[in-house]
Every structure is written in C-alpha cells, then in structure tokens.
Amino acid sequence: MNSGPLLDDSPRSPFDRALAQIEGVVLGKPRQIRLALACLLARGHLLIEDLPGVGKTTLAHALAHTLGLEFTRLQFTSDLLPSDILGYSVFEQASGTFRFHPGPIFAQVVLADEINRATPKAQSALLEAMEEGQVSLEGVSRRLPEPFFVLATQNPFTQAGVYPLPESQLDRFLMRLSLGYPDRSAERALLAGENRRPQSLAPVLTAAELIAAQACVDQVHLAPALLDYLQALIEHTRTAGRFLHGLSPRAGLALARSARAWAWLHGRDYVIPEDVQAVFPFVAGHRLQDAEGVSSGDAAAQAVLAAVAIP
Amino acid sequence: MLLKAGAKPPRPPLFWLLPPLLAGLPHAAHLPLWLSGVCVLLWLWRLILALTGRPLPGPWVRIGLALVAVAVVVAQFGLFIGRNGGVPLLVLLLYVKLLEADTWRHQRFALLLSFFVASSVFLHDQSLLMSVYLFAVAWLTTAALAQLQPLAGADIRPHLLTAGRLLLAGVPLALALFLFFPRLPAPLWLLPSGEQAGRTGLSDTLQPGDISRLILSDAIAFRAHFEGAAPEPATLYWRGPVLARFDGRTWRAMADQTEMQVRASGQGTALRYVLTLEPQERPWLFTLGLPATIPPETRLLAGMQLVSRSPVTQRRRIELASHPQYRLGASTQELAEALVLPPGYNPATRALAQSWRQTDGHPHRLLQRGLDLFRRGFGYTLNPPPLGVHSVDDFLFSTRRGFCEHYASAFVFLMRAAGVPARVVTGYLGGEINPVDGHLVVRQSDAHAWAEVWLPDAGWAQVDPTASVAPARVERGLAAALPGAEIPPVIARLHRPWLRELRQTWEALNNGWNQWVLGYNLERQLRLLTGLSPRLAAHAWHFSIAVALAGLAVMAGLAWVGGRGRIRDPAVRLYDRFTARLSRLGIERKASEGPQSFAGRLAQARPDLAKAGSEICALYARARYAQDPAALHALARAVRRFRPQRRVGTGMLGPW
C-alpha cells in the first residue's frame, strides 16, 4: 500500500482533527484512514478486508465515533436473517395496527462486521439499502438517514466458514481496503498499550459538516484531460485481456468521485493524476479479477496504472 | 477555464500595431496624399486608444467609417476593381479594421490583412530593395502573429526568432514554387507599368542641348551581356533612332517608319548578346550594327532601327545577334530625304560646302574635309554658348564649342550642303563592364549622337565627328574628354573608387534580381526543365501540377502528424519542453508518472533542481488540471527560465 506516490499533506481542519484522532487508535495506518475518509466524503461504502485481529473493527469503530454519527453494529453470522438487518412489523393490540420496528440498518453508520460470514440471502438484504439509500419492506419504501454509510469488514475468503460476496455486492462498495500487519514501531506502541480504545473517542464532526464537505467534494474540478485519463484506465481494463471483466461504468463513476474526495482532502479544488492513482487500486482492486487467477486485484490495479500513460 | 480564441489578452502588447503601419507605408507613394493622411490618423487613433486603454469606438462608428471608406474610394477611383481602386480600398479598410481589433481574433485578422496589403505593393514596385523591405515586413508580421497567443510574453525578441525560423522553413517550398509553379505567358493582372517607365531617355527629336542634358542622369538605360568576351566599349555604337529631317533647329525621325526594305548584309561573325532594357516610354531597342536575326515581337524599321512592337514599359530581356560590320543599302526616297536642307538657314555653311564641292566633289574626300574641319579650333564642352537662328553657322564659325549633338548636327548639315546624303543617328556609345557580374552597363550618360553618310561604293557609313574633336570621348569615356570643371557630379562621383565599387555591387545585385527573379519567365522555366530532363519539359504542366500536389500532400501530412488527435494544451507543450530538458540530463519522465510524483523523483535525483522542478510541476498541475490561465503564464515564464545544467563533478572531477 505504500508503493503509491506520497502526496503533500494539507488536510481540511475538521478532517485534520478526525484524522489525528483516528491515528491515535489505529496505529501506523494513516493512508488507510485517509482512504476511509475519502470514501465517506465520496458518499461510498467501505469494505475492509483482512485477517482477523489486525484492527478492522477498531478502524470501523474509530471512524464511526469520530464522525459523530448515529452508529449501529451488525455482527454477521451464518444464521442472520434479512429481517434482523432491515427490521420487521408487529401487530400492536393497543392500536390495532401493524407497527414497523426499524432494524439496525436505520442508522447513519452501519458497521457490518464479518459480512461474508452471513448467507447470500442476508447479504443481499443490504443491496437496496446501499445503492438506493432506502429500504422497501411489505410494499413500503422507507428512507434511510443522511448520510448513510456502510462500513463492512470481511475475512479473506481463504478462511473457513465464509460465503464470498458476489460481484454484484462487491461492486456496491466504493472501496476495499486491507490493513495489513502494523509496522514495527506501531506494533511496539500497541503492545505498550499506548493507544486508546475507539469507544472513548469524542466526535469531532457533525453530520451537517459532513454533508457540507460532501457538497464541496462534488465541486472539485475534474479537467477534460483527467476524464481522458479515467477513460484510458477503464478501457485498458476492458481491452488488455488480463481481466475476466473490465471496470463497469459504475466503477468509473466511483473512481471519479473517489479522486475528487482525495483531492479535496489534500486541499485542492481540482483533481490531478496522482489523486486518481492514489485511489485506483482501492476502487478497482475488488472489481477486477485476474483472468489467470495469478495475482491479486490490487497488484493487477498497480499494473494497470503503470501501463497507462497520463494524457 | 481554457482561453478561448476570442478572449481578451490580459496585458495587450502593442507590437501588433507596427506591421499594419509598415505594410501600408509603401502605398503612400501611389495614393493621394489625403488618403495616406487619413490612414495615418486612423492608425494614430488606434495607437492612442491602445496606450490609454480606452475602449474602441462602437459598432456604429466602425460601420460608418467602413461605408465612408467604400464611398470615398469609389468616388475617387471608380469601381474598386484591379490595382487602382482595389488597393486603396484594401489599405483604407485595413486601418478601419484596426479600430475594431480588440480581441486576438480581430488582431490576427488585421495582421493577415497586413500580409495582403504588403504583397499588393508588388503591383507597383518589384525592385530588390522593396522586396527586401516587404520580406522584413512579413517577418515582423509573423512575429506579431506569434505574439498573439496565450503564452506570449511582452518581449518580442523570442517571437522574432520564431518568425525567422518559420520564414526560413518556408524558403524551400517558396523556391520550389518559384521554380516549378507553371508560369503564365502573360500576367493575369496589370503589373508595374507607367510610373517606372521613361523618366529619362533618348527622344525621337534632337535639338542642341538635348543630349548634354540627358548625360546628367546616371540612370541605367540597359544592360548587355555578351556571349563570350565583351568587345572593347569604344567600338560599341548602340544604334537607336535615325533622324533625317531637319527644320533648321530640330532633327526629327525619318518620314518612313515602315519595315526596312533595302538590302543589307552582315560581314564576319555575328555578336551575340542579351539586352536587358530598363522600362521606358519608347519601343526602341539598341543594336550593334545590323541585326542578324529579328527576335519575335520586334520589327526592323527603315534606317535599320530595331524596335519592339509595343513600348518597353516593363524591364525586358531580349536576345540579339548583330553584325558590327555590315553593308547597308538605301532607297531613293531615303537618299532624297538625306539631302533635304531647310531653305534660308545657315547660308555661310552652305557657301563653305559649295566651295568644297567645287574643289573636289568626291564623297570620300568631302567626308574627310568635314572631319578635318573639326580637328582644329573646336572644343568639347557640356556648356556650349547659345546659338542663334542659324545654329550651324553660329556653331561652325563663331562659338565652335559644343557637345556631340552639335557636331553630329553640323557635320550632317555640312555634308548635305556638299551634296553627300547624310543623317543623324542617336543612341549610346560604349558602356562600362561591371566587374561583379560581367554585365556591360549602359547609362543615360552614355547617350551619344553621330552621323551616317551615304558613300556610293560602301553604302551607309558610320561617321563620328565627335571623335575628331575629342578622341578621348570615344576611347576613354565622357569624363576623360571633358574639361575637369565640367565633369557632371554624377560622373565625378563615380571616380571615387569605393563608391564606384559599392555602386557596382549594388547594381549587379539589382541586375541579378532582375535577370533571375523578375526575368524568370515561361521560356526560361521551360529551358530549366529541359536542362533537368527533356522529357520533363515536354510534360512541364503535368510536372508542375505533380510538384504542387506533392507539396500540398506533404503539408497536409505534416498538419495531420502535428495536429493528430486534438489540439494540444499549451501547458502540455511547456511541460514537454521541461521534461525534454531533463531527459537530456538522463532524468526521464515515465508516461504514467504524474507531475507531483515526477517532482518528487526529480528532487531525489537532483536536489539542486528540486525547487525549480517542483514549482514547474505544481504550476503545470494547476495549468493543466485546474485550467488556470494565470498558472499557465507563470508556467511559461518558469519553463523559459529553467535551464538545468549537467551536474558538475559527477564522473570526472576537476584538477583541484
């Protein structure tokens, strides 16, 4: 993850504070934290994939607490039912009507822990919520709160007892991150107990501030030259022949939104190619499947970046 | 955002106003004074507006001005067709256009119009000097065009350099077009005429004083280039109009102006030469004796004078061959005319001639006596005393000082009075070889008059009475024959060696221009093609069209290669220049490397370049991806300044 170019740091102040705070909890992973914030600013959902015990849930907790958003946690298991996620209606004898009991999905930040341990049936309950921002149950559509952000973690599919997310579900996540082992000094600090618990974090942002920031991100200028670049990258994944499928138009939009958010986080009101390059492996990695199954999606994404010239 | 073509320049450069002024300047010589004045006023108006930054006049003022311009030109010159109406309109509208030119688009248009106005000067003047001037104007105009673009600085020098390179790059194509583009036998439109022609020159009448006035001009009459070695100038009598009718004061041309009917035969080998005549009002050509051939478009008149069928109003090149030694017959009419004397004039001369005739009537001896008469007591001068009614009497018996026309005139009168048919021939004597290009230059100051007498056994014989008075005139030229104080300034100046050399060089240059550029006509083009390949010449037109098409194809190909895809962002051009300079130092930008990453890598490879490099990369990112015009300007400046040096001390170290 550190093979990408280093960018100058000039983050915006509330996000600067949020970043600093999360860095105090998730040690030695500033890049991943920044990507997670960018994902949020781009109105996308985040998938964190890694081995158990490297801090996935800690990161998700830290994000949720720091952002000061309404937060629910959903532990996915193999016996989880859709109604456990979305909610259900019960008959109230007092009023003589059915009353809807909203499920844990009705929150601003939903932490879907170990999402690939649930059955596809339960997983797909998330689909509409993630894409449309609403839930349809018993013929009634219910809006989810704003902002709505799904933070999912999953174990690598080589682990036992997992149902891999189907491509359609993967495509709904804007980015996929993995954390990896902490470096030596971070691990040392962790062992020494210098870090704080995520539950103790105080919110540094309000929902209104986040929504305003998201509006700013939409205004970030994406020059025609960069549209050319995005198209070249997408075309390369479709025509190079090393992937089973190329990137979808939705992936292209995701790339553009992420690059805008990344640029804004770095204090620019215009996107530069490095912004695209910084987010590309995380936006494209989980959407690309190597045709020969040799390399991981991330490595393949880096290869694409190296192969496409910047116009 | 991107700068559009119609965008106003941020800081208006003023240089673009100069070419329109310079392009219009030569037209002032051919336009009415008031029109030139109006043009200058319009130009000054625009200049003042540009200097003060005040807005240009509104559309109604400009439309009004344009309509007035059209009306005025039509009123003055009639319909604006051709050189005489079209050019003034074009010039006037150029200056009206300046008042409209507030954006680059309009300014570029005004500059393109300047090219047109500048090239229309050639309709009046095609001289070498003017061509050099107009080339300079084209250069400045191109530079001004180069400045009217987003990245241009206020300094014109780099644009002059660019324009120079562009013009030089165009030279091969221009040369190819000049050599191979099909020449037309006659120009499509009216080329320079009239104004340049016949300011000075021989006339078809001769009065005492005519030639001595003419020789004050050092204008070139014609040039001659001989095949092989040029003959001695003293032997070169360039024969022009033959004057046979005398009214007591003025000599006039022969009555018979039809083609020569009498027998004539040349002796010895013919002299071949190419005559290049300067424009004049007359159709006269000048030959050395009897023309061996009659070139096309010319006639040989009675009196053995070669004339063109039309006046030589443009510089004309003509190939001639003639026999300096010849025998020329005469018709009875000619002989009768050559004996006529105006009744009542010059009784003393008639009496003298009668007395000679009674002593010895043989024409040869009469001729000799006439020439002997001049050998004693006569003086050669440019400023002869005035002559009375009996001009020949006065000259022969009292003043005895005169110039060639006096001697020729008096001699012919004397011969006629003695019963020998005689006539005056005018033309030029001698000339001067220009050592620079080997051409013989004959000037108006070489104008001369001599006599021709009829000898029954030899035909018309050329006699130069001036040679008896002042042999030096014939042998060494006018300056040698005249008394020192009388040498005209134009001739005296020529005796300063450096001035003479300078002038010879300049005239040779001009002659080369006339011969090789202006005189390159269809005939010579065909000859060139024949020289290259006879088969080519047979298909000259096909060849020319093929060359033209090939040229167009090459240009189209270049345009396609150069402009493939979309129009390149100027920021990319600048950034490419920057990376190219670095790649010479071995620091290559990867195609997939963004500006920030490259700046980072550069800073590691060359810490000394880190600051400039990251500044340029950041400006490039702003200019290219934020599309910020200010960053583009700053980038242009920064890249111009960026001259990275090879790192000193890597590899081989100095001796210290």
Side-chain angles (χ1 to χ4, degrees), chain A residues 2-10 31 216-217 219-237 240 255-256 259-260 262-281 284 299-311, chain B residues 1-4 150 563-580 582-583 587-605 607 610-632 634-635:
Chain A
N2 45 16
S3 58
L6 283 169
L7 298 169
D8 64 322
D9 290 341
S10 53
R31 187 175 187 81
C216 285
V217 166
Q219 298 303 311
V220 170
H221 181 61
L222 192 61
L226 277 165
L227 292 176
D228 291 341
Y229 185 42
L230 290 179
Q231 281 194 299
L233 287 170
I234 293 167
E235 269 166 35
H236 183 82
T237 65
L255 203 51
R260 279 195 165 107
W262 190 258
W264 188 84
L265 264 183
H266 290 82
R268 260 181 283 105
D269 60 354
Y270 58 95
V271 181
I272 62 172
E274 277 86 347
D275 297 327
V276 177
Q277 292 180 337
V279 299
F280 184 79
Q302 292 292 357
V304 170
L305 285 182
V308 176
I310 297 174
Chain B
M1 287 292 104
L2 268 181
L3 285 164
K4 301 271 167 14
R564 197 163 32 175
R566 62 193 77 84
I567 299 160
R568 293 230 297 162
D569 189 337
V572 175
R573 245 181 8 237
L574 290 164
Y575 188 59
D576 282 352
R577 210 179 297 160
F578 161 72
T579 52
L582 284 172
S583 103
I587 303 169
E588 296 278 356
R589 184 183 80 91
K590 283 178 283 198
S592 64
E593 198 168 22
Q596 246 177 19
S597 331
F598 184 56
R601 208 158 55 81
L602 172 65
Q604 285 192 335
K611 189 165 166 288
S614 61
E615 186 205 353
I616 288 174
C617 286
L619 284 171
Y620 168 66
R622 267 206 84 73
R624 173 101 169 117
Y625 301 115
Q627 296 171 307
D628 173 4
L632 194 58
L635 177 65

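The figures here come from the full heavy-atom set of this structure, side chains too, leaving out hydrogens, waters and symmetry mates. Fair warning: this is a prediction, and the values are worked out from it, not measured in the lab. Chain letters run A, B, ... following the sequence lines, proteins first, then strands; residues in each count from 1.
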* Applying salt bridge (charged side-chain N to carboxylate O under 4.0 Å, His left out), name anything that partners B/Arg622, two or more places apart in sequence or on another chain. =>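 In terms of salt bridge (charged side-chain N to carboxylate O under 4.0 Å, His left out), with neighbours along the sequence ignored, B/Arg622 is linked to B/Asp628.
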* **A/Gln277 (side chain) donor-acceptor with B/Ser592 (main chain) under 3.5 angstrom** =>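 Yes; judged by distance alone, with no hydrogens or angles, the pair exists.
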* Asked: Okay, side chain of B/Gln627, backbone of A/Ala223: is any donor-acceptor separation there less than 3.5 Å?
  ->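 Checking the backbone N and O of A/Ala223 against the side chain of B/Gln627, no donor-acceptor pair under 3.5 Å is found.
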* Asked: Sequence neighbours excluded, which residues qualify as side-chain hydrogen bond (donor to acceptor under 3.5 Å, both in side chains) partners of B/Arg589?
  ->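 Expected list: none.
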Can you tell me how far [atom2] of [Y] sits from [atom1] of [X], rounded to the nearest 0.5 angstrom?
| X | Y | atom1 | atom2 | value |
| --- | --- | --- | --- | --- |
| A/Arg268 | B/Gln596 | CZ | CD | 5.5 Å |
| A/Ile310 | B/Lys590 | CD1 | NZ | 10.5 Å |
| A/Ile272 | B/Arg624 | CD1 | CZ | 13.0 Å |

* Where B/Tyr625 and A/Tyr270 come nearest, the two heavy atoms and their spacing ->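 For B/Tyr625 and A/Tyr270, the tightest heavy-atom pair comes out as O-CB, 3.7 Å.
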* Asked: Are any of the side-chain heavy atoms of B/Glu593 and A/Pro273 separated by less than 4.5 Å?
  ->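 SC-SC contact between B/Glu593 and A/Pro273 ruled out.
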